[in-house]
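The structure appears right after this line, and notes come after that.
Quick caveat, the model's predicted, so the values are computed rather than measured.
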Amino acid sequence: MMPMPERAAVLIASGIQLAAGAQSIDLAVRPGEIVGLAGLEGHGQEGLLETLCGLRRPCAGTVTMHEADSHVAVTSLAQAARLGIAYLPRDRRATGILPGQSVFDNFAIAALPRFARVGFVRRNPLRQRLAAFRNRLSMVYGAASAPIGTLSGGNQQKVLLARWLAREPRLLLLNDPTRGVDLGTRLKLYEVFRGLAQDDGIPLVVLSSEIEEVLQLCDRVLVFRERGMARELAGNNLTMDRVIAAMFGQVVA
């Protein structure tokens with residue numbers, strides 16, 4: 001049987017340097033795969049994720065998204081969103097949710113451009129979308145008008161995820177997406193992430209502070225050390241021992 005052709009990359013990062021003198025990083029993210037980022041805190045994995053979504057400029061290198069028959073450079077968070085990149089931040093309280101607003105308003109804000117016509121927001125279709133995501137993500141809240149601050153941390157995270165899924169992204173960048181959530185919510189999010197990749201073909205790049213999470217969820221993992229990529233692990237090589245060894249600059253035979 002002839003091998004299947006490799007799918008074209010949705011996003012390509014070439015020659016990314018996160019700090020002067022740091023090892024350059026190359027990454028191609030393809031449809032339907034889940035790529036993990038791991039490493040000790042402050043060793044560059046968060047810097048790469050923020051570079052991929054346009055939040056920060058690297059010392060060198062480029063990030064491009066495939067668009068029609070060409071690749072377009074990602075230079076800002078706003079432009080990344082227009083190109084179909086969705087970024088879910090680590091600190092949902094500080095940089096994610098709008099704490100004084102309702103569940104509906106927190107969900108709707110990212111989808112408004114798709115549901116506005118000549119200055120008027122079509123609220124009923126937005127409510128229907130929220131209801132659909134409530135079912136899909138098993139969100140628990142009393143009413144869409146309830147302040148989002150009254151929800152559990154896990155349900156706040158689900159609202160943020162639904163916010164970006166409503167924009168039908170082409171790539172999801174997730175910064176420690178299960179941090180501070182209970183086990184039930186964590187398992188539900190894993191199910192959703194796998195479904196997005198396998199069923200919808202949406203690639204995900206997941207930074208996690210927990211090695212078990214990237215082992216369970218990801219197809220391949222980039223391990224960072226000293227603001228560079230120390231090792232890429234996949235298949236039978238993707239083990240706890242090898243991830244930990246790469247974090248400390250060691251090699252497991």
Leu98 vs Ile148, side-chain contact (heavy atoms from CB on, under 4.5 Å): CA-CA, chis, key distance, verdict: CA-CA 8 Å; Leu98 305 173; Ile148 195 169; 6.0 Å; no

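- Looking at every heavy atom in both residues, Met139 comes nearest to Ala162 through CE-CB, 4.2 Å.
- Among all heavy-atom pairs drawn from Ser208 and Asp176, the shortest one is CA-OD1, 3.4 Å.
- The salt bridge (charged side-chain N to carboxylate O under 4.0 Å, His left out) test applied to Glu41 returns Arg90, not counting sequence neighbours.
- Put simply, CG on Leu83 and SG on Cys53 are 12.0 Å apart, with the number rounded to the nearest 0.5 Å.
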Evaluate the side-chain contact (heavy atoms from CB on, under 4.5 Å) criterion for residues Ile109 and Gln101: first the C-alpha distance (whole Å), next the side-chain angles of each, then the deciding distance (0.1 Å), finally the verdict. CA-CA 10 Å; Ile109 187 169; Gln101 302 298 315; over 6 Å; no

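- Cation-pi geometry between Arg134 and Tyr141 is met: under 6.0 angstrom from the ring centre, within 45 degrees of the axis.
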Residue pair Glu213, Tyr190: steps toward the side-chain contact (heavy atoms from CB on, under 4.5 Å) verdict: CA-CA 9 Å; Glu213 183 160 276; Tyr190 289 172; 2.6 Å; yes

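- When all heavy atoms of Pro31 and Ala8 are compared, the pair lying nearest together is CD-O, 3.2 Å.
- For Ala86 against Pro169, the heavy-atom pair with the smallest separation is CB-CB, 3.9 Å.
- In this structure, Thr178 and Thr185 have side chains that are not in contact, with every pair of non-hydrogen atoms separated by 4.5 Å or more.
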Pair Met240-Val243, side-chain contact (heavy atoms from CB on, under 4.5 Å): steps then yes or no: CA-CA 5 Å; Met240 176 78 72; Val243 172; 5.9 Å; no

Show me the side-chain donor-acceptor pairs of residues 214-223 shorter than 3.5 Å, one per line, residues at least two apart or across chains.
residue	atom	partner	partner atom	Å
Asp219	OD2	Ile34	N	2.7
Arg220	NE	Glu33	OE1	3.0
Arg220	NH1	Glu232	OE2	3.1
Arg220	NH2	Ala28	O	2.5
Arg220	NH2	Glu33	OE2	2.9

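- Sequence neighbours left out, the pairs with a member in residues 136-145 that pass salt bridge (Lys or Arg N to Asp or Glu O under 4.0 Å) are Arg136-Asp200.
- Nearest heavy-atom pair across Gly39 and Gln45 is O-NE2, 2.8 Å.
- No side-chain heavy atom of Val72 sits less than 4.5 Å from a side-chain heavy atom of Thr64.
- Between Arg170 and Glu67 there is a salt bridge, since a side-chain N of the basic residue sits under 4.0 Å from a carboxylate O of the acidic one.
- Here the CD1 atom belonging to Ile97 is positioned 12.5 Å from the CG atom belonging to Asp105, to the nearest 0.5 angstrom.
- Not a single salt bridge (charged side-chain N to carboxylate O under 4.0 Å, His left out) links Arg225 to another residue, sequence neighbours left out.
- The closest side-chain donor-acceptor pair between Asp26 and Ser14, if any, does not fall under 3.5 angstrom.
- When each of Leu207, Leu37, Leu40 is paired with Phe224, the side-chain contact (heavy atoms from CB on, under 4.5 Å) condition holds for Leu37 and for no other.
- Asn175 and Tyr87 form a side-chain donor-acceptor contact under 3.5 Å, judged by distance and modelled atom types alone.
- Separation of atoms CG (Leu196) and CG (Asp199) is listed at 8.5 Å; rounding is to 0.5 Å.
- Members clustered with Ile12: none, using a 4.5 Å side-chain heavy-atom cutoff among hydrophobic residues.
- Applying the salt bridge (Lys or Arg N to Asp or Glu O under 4.0 Å) rule to pairs touching residues 140-151 yields nothing, sequence neighbours excluded.
- Rounding to the nearest 0.5 Å gives a distance of 9.0 Å between CD1 of Ile16 and CG of Leu27.
- In this structure, the side chain of Asn155 engages the main chain of Val140 through a donor-acceptor pair within 3.5 Å.
- Hydrophobic clustering (ILVMFWY, side-chain heavy atoms < 4.5 Å, transitive): Val192 and Leu151 are in one cluster.
- Comment: Glu210 does not engage Arg179 in a salt bridge, judged by the lack of any side-chain N to carboxylate O separation of less than 4.0 angstrom.
- When side chains are defined from C-beta on, Arg57 counts as touching Thr75, because their heavy atoms get closer than 4.5 Å.
- Between Thr62 and His71, the closest side-chain pair of non-hydrogen atoms is not below 4.5 Å.
- In terms of modelled atom types and a separation under 3.5 Å, the side chain of Gln23 and the main chain of Arg227 share no donor-acceptor contact.
- For the pair Leu204/Leu174, a side-chain contact is recorded, criterion being any heavy-atom separation below 4.5 Å from C-beta on.
- Atom CG of Asn236 has 12 or fewer neighbouring heavy atoms from other residues, nucleotides or ligands inside a 6.0 Å radius.
- Remark: side-chain polar atoms of Thr51 are paired, donor with acceptor, to backbone N or O of Gly47 under 3.5 angstrom.
- Residues Leu165 and Leu172 are in side-chain contact: their nearest non-hydrogen atoms beyond the backbone lie under 4.5 Å apart.
- With a 4.5 Å cut-off on side-chain heavy atoms, Phe193 and Pro177 count as touching.
- In terms of heavy atoms, Lys188 sits closest to Ser138 at CE-OG, 3.4 Å.
- Ile85 is not listed as a side-chain neighbour of Leu52, based on a closest heavy-atom distance of 4.5 Å or more.
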